[in-house]
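Take this structure, written in structure tokens, and hold onto it; I'll ask about it next.
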2 protein chains.
Amino acid sequence: MIRELPELVLPGATLDTLKASCASCSMHQLCLPMGLDNNDMDRLDQIIGRRRKVPRGAPLFRIGDSFQSLYAIRLGHFKTYQVNREGVEQITGFQMAGELLGMDAISADQHHCTGVALEDSEVCEIPFGSLQQLLADMPTLLRHFHRMMSQEITREQSVMLLLGNMQATQRFAAFLVNLSSRYEARGYSPHVFQLRMSREEIGNYLGLTIESISRLLSKFKKEGLLRVSNREIELLEPIRLKAITAGTQTCA
Amino acid sequence: MIRELPELVLPGATLDTLKASCASCSMHQLCLPMGLDNNDMDRLDQIIGRRRKVPRGAPLFRIGDSFQSLYAIRLGHFKTYQVNREGVEQITGFQMAGELLGMDAISADQHHCTGVALEDSEVCEIPFGSLQQLLADMPTLLRHFHRMMSQEITREQSVMLLLGNMQATQRFAAFLVNLSSRYEARGYSPHVFQLRMSREEIGNYLGLTIESISRLLSKFKKEGLLRVSNREIELLEPIRLKAITAGTQTCA
DNA sequence: CGGTCCATTGATACCTGTCAATCGCCGTGG
DNA sequence: CCACGGCGATTGACAGGTATCAATGGACCG
């Protein structure tokens, strides 16, 4: 089922092979779990648009941009944020390789949030018009696409739960556990990873201040729950961390 | 474009006419704004399942239920909530006639939240299997369906913004303004309406306590922003209310 | 080596939660 | 018809969790 593909683009590759490898890499991650067969994959490859590099800090799309494409992250990390009428940002999510960006823009044909790369990243552009045509005669892909949109709804609901009735300690533990499980699902270590976002961005996402995040990190460190050095983090007691997330343990 | 349909089911109606009127009423509201033509509407009617009454307080679906259908609210109001591992509810949304329920269940074939009627209500069941078949060869409807899912994502993002960086006063003003505009969009008065949910449910949704909601109502009343008697509410200064939502006015 | 930005830590203030008492509406039953 | 009881809502006093403000520390970069 898994097709062998060059992880790095070879020198001398044509535009077509570039496109193909682009599509496959990110779409593999997106689609394989859902059981697309090779035939479907090939057809999918054909509609995938160009690969695009996004340097750290650069926007992939901005609030108000007209909606043309979805973006599959091939490499790197992104954040999406809204801006309220005071001009204050609210981060609505952090996305990593293998995840899809831009689904909130379908409803009104324009983006409702801004997507910015947290590090030098790479995405595949998926023109939505072409995708829709394809969806119409590929039931498997259609189903898969609906699952992905639904998953986004579910994800946001759990953030609402987090923001609505968790204390700071619980929120931060939940944040770490969430990152951990996403890295694990992608084959990375669930216990040692880099925080790709600043303390300020974490705080913004969790509805807390940068100082609170800092204090929570110190507290967790003191408790022996984790080790942290700048953005490098190691979870020493994932079980206890999960317990705190669940609210069954207060963390001293 | 708007087809004339009996608002109330006539005595002596056959099962088929019942189904048809059911489908039309709720789906009209769902689909007309998106520009479905009559032909599409007729085909849509055919897959709509039975109409179902849901008495006040009764669940339409529960967390963990296997996913079979989406539900279009024909009449009444619902709330959806998640439950964290401590067993604490977090309301994720209030839905009214013309809105669609259950889209979060597509991702894992089971419901991630519980939907409960806030008053005696009525829904149309839309079997998802049938809907998918239909979507495959009705591009207009497919597009419309994607818009609705995307709209749900957008809605939840704005709740995240509300929970993540608004103060209590701002949250509550935003809540009222949101209800107001939704009633207006449905042809009801945007200034006078019934709160279908208890203070406790509002507080839960906004991440506040029932006491805070009570105090905010009193404060708004004192400011001359609204009049309230039990669940009947009248917005006296919608403009100022919107200003508070935007954060441009502090409300004394 | 110095500047800048981000992170950490401490002191204090404020918002909202918690606890408690009272009120008022409403349905029930005498 | 009225008394009673129950539940939701209101209001007040107080406490606690985070935000805010301020100072310091440390990493990265020119």
Side-chain angles (χ1 to χ4, degrees), chain A residues 55-57 79 86 88-91 118-120 162-176 194-223 225-233 244 247 250-252, chain B residues 56-57 79 86 88-91 118-119 162-176 194-223 225-233 244 247 250-252:
Chain A
R56 172 194 171 93
K79 68 172 172 181
E86 296 166 81
V88 180
E89 292 183 12
Q90 168 67 41
I91 295 175
L118 293 175
E119 58 186 326
D120 290 353
L162 179 146
L163 292 172
N165 69 25
M166 287 186 184
Q167 302 268 28
T169 308
Q170 228 175 329
R171 291 187 199 184
F172 188 55
F175 171 73
L176 292 174
Q194 290 271 339
L195 296 173
R196 306 304 163 106
M197 61 296 286
S198 68
R199 307 287 193 266
E200 185 165 12
E201 286 166 331
I202 298 173
N204 183 305
Y205 179 60
L206 297 177
L208 301 168
T209 59
I210 181 175
E211 292 94 334
S212 294
I213 300 300
S214 212
R215 280 184 246 272
L216 286 166
L217 268 173
S218 305
K219 184 173 152 196
F220 282 4
K221 206 159 38 172
K222 212 172 291 172
E223 302 270 333
L225 285 165
L226 51 78
R227 288 197 301 165
V228 60
S229 156
N230 298 321
R231 295 193 173 183
E232 175 90 24
I233 207 160
I244 294 170
T250 353
C251 172
Chain B
R56 173 193 171 95
K79 67 172 173 181
E86 298 166 81
V88 179
E89 292 182 11
Q90 169 67 41
I91 295 176
L118 292 175
E119 59 187 326
L162 179 146
L163 292 172
N165 70 23
M166 287 188 186
Q167 303 269 24
T169 308
Q170 229 175 329
R171 291 188 199 183
F172 188 55
F175 171 74
L176 293 174
Q194 290 271 339
L195 295 173
R196 307 304 163 106
M197 61 296 285
S198 68
R199 308 285 193 267
E200 185 165 11
E201 287 166 330
I202 298 173
N204 183 305
Y205 178 60
L206 296 177
L208 301 169
T209 59
I210 180 175
E211 292 94 334
S212 294
I213 301 300
S214 214
R215 280 184 247 272
L216 286 166
L217 268 173
S218 305
K219 183 173 153 196
F220 282 4
K221 207 160 37 173
K222 212 171 291 173
E223 302 271 333
L225 285 165
L226 51 77
R227 289 195 303 164
V228 59
S229 154
N230 297 320
R231 296 193 172 184
E232 176 91 24
I233 208 159
I244 294 169
T250 354
C251 171

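In what follows, every heavy atom counts, from backbone to side chain, and hydrogens, waters and symmetry copies are set aside. Chain letters run A, B, ... following the sequence lines, proteins first and then strands; every chain starts at 1.
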Quick one: CD1 on I213(A) to CZ on F175(A), what's the gap to the nearest 0.5 Å?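 Answer for the CD1-CZ pair, I213(A) versus F175(A), is 8.0 Å.
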Is the shortest side-chain N/O distance from S214(A) to OP1 or OP2 of dT9(C) below 4.0 Å?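 It does not, given that no N or O in the side chain of S214(A) lies less than 4.0 Å from OP1 or OP2 of dT9(C).
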Sugar-phosphate, base or nothing in reach of I213(A), heavy atoms under 4.0 Å: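 If one applies the 4.0 Å heavy-atom cut-off, I213(A) turns out to touch nothing in the nucleic acid.
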In whole angstroms, how far is the C1' atom of dA9(D) from the CZ atom of F172(B)?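 After rounding, the reported distance stands at 13 Å.
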From CG of N165(B) over to P of dT18(D), roughly how many Å is that when rounded to an integer?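 Checked: the CG to P distance equals 17 Å.
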Is the backbone N or O of M166(B) less than 3.5 Å from a side-chain atom of R171(B), with the two atoms forming a donor-acceptor pair by type?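 Side chain of R171(B) to backbone of M166(B), a donor-acceptor pair under 3.5 Å: yes, one is there.
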Using atom CZ of R231(A) as one end and atom C1' of dA7(C) as the other, report the distance to the nearest whole Å.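 That distance rounds to 11 Å.
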According to a strict under-4.0 Å criterion, is R199(A) in side-chain N/O contact with OP1 or OP2 of dT8(C)?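 So the side chain of R199(A) is within the cut-off, an N or O lying under 4.0 Å from OP1 or OP2 of dT8(C).
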Atom pair CD1 (I202(A)) and OH (Y205(A)), whose distance is rounded to the nearest 0.5 Å: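 Separation between the atoms: 11.0 Å.
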Base, sugar-phosphate, or nothing for G203(B), non-hydrogen atoms under 4.0 angstrom?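 Contact class for G203(B): none.
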Could you state the CZ-P distance from R215(A) to dC21(D), rounded to the nearest angstrom?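 Taking atom P of dC21(D) as the reference, CZ of R215(A) is at 14 Å.
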Are more than 12 heavy atoms from other residues, nucleotides or ligands located less than 6.0 Å from atom CZ of R227(B)?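 Open.
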Working to the nearest 0.5 angstrom, can you tell me the gap between I91(A) CD1 and M197(A) CE?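 With rounding to 0.5 Å, CD1 (I91(A)) is 8.0 Å from CE (M197(A)).
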Any N/O donor-acceptor pair, Q167(B) side-chain to dC14(C) base, under 3.5 Å: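 Side chain to base: no pair present.
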Return the value, rounded to whole Å, for the distance between atom CG of L208(B) and atom P of dC14(C).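 After rounding, the gap between these two atoms is 20 Å.
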CD of E200(A) versus P of dT8(C): gap in Å, rounded?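 About 13 Å, once rounded to whole Å.
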What nucleotide, of dT8(C), dT11(D), dT9(C), holds the atom closest to the side chain of E211(B)?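 Selected nucleotide: dT11(D).
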Dot-bracket, 5' to 3', for DNA chain C please: Watson-Crick or G-U pairs under 3.5 Å, [ ] where pairs cross earlier ones, | where the partner sits on another strand, dots elsewhere. ||||||||||||||||||||||||||||||
Using whole Å, report how far CD1 of I210(A) lies from P of dA19(D).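 For the pair I210(A) CD1 and dA19(D) P, the rounded distance is 12 Å.
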Could you pick out which residue, N230(B) or T209(A), lies toward the 5' side of DNA chain D when each is mapped onto its nearest nucleotide?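 Counting from the 5' end, the first nearest nucleotide belongs to N230(B).
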Under 4.0 Å between a side-chain N or O of S212(A) and OP1 or OP2 of dA19(D)?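 True: S212(A) side-chain N/O within range (under 4.0 Å) of dA19(D) OP1/OP2.
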Identify which one of R231(A), E119(A), E232(A) satisfies the side-chain hydrogen bond (donor to acceptor under 3.5 Å, both in side chains) criterion when paired with Q194(A).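 Answer to the side-chain hydrogen bond (donor to acceptor under 3.5 Å, both in side chains) test with Q194(A) among R231(A), E119(A), E232(A): E232(A).
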Evaluate L176(B) against I233(B) for side chain to side chain contact (heavy atoms under 4.5 Å, CB included), listing each step before the verdict. CA-CA 10 Å; L176(B) 293 174; I233(B) 208 159; 4.0 Å; yes
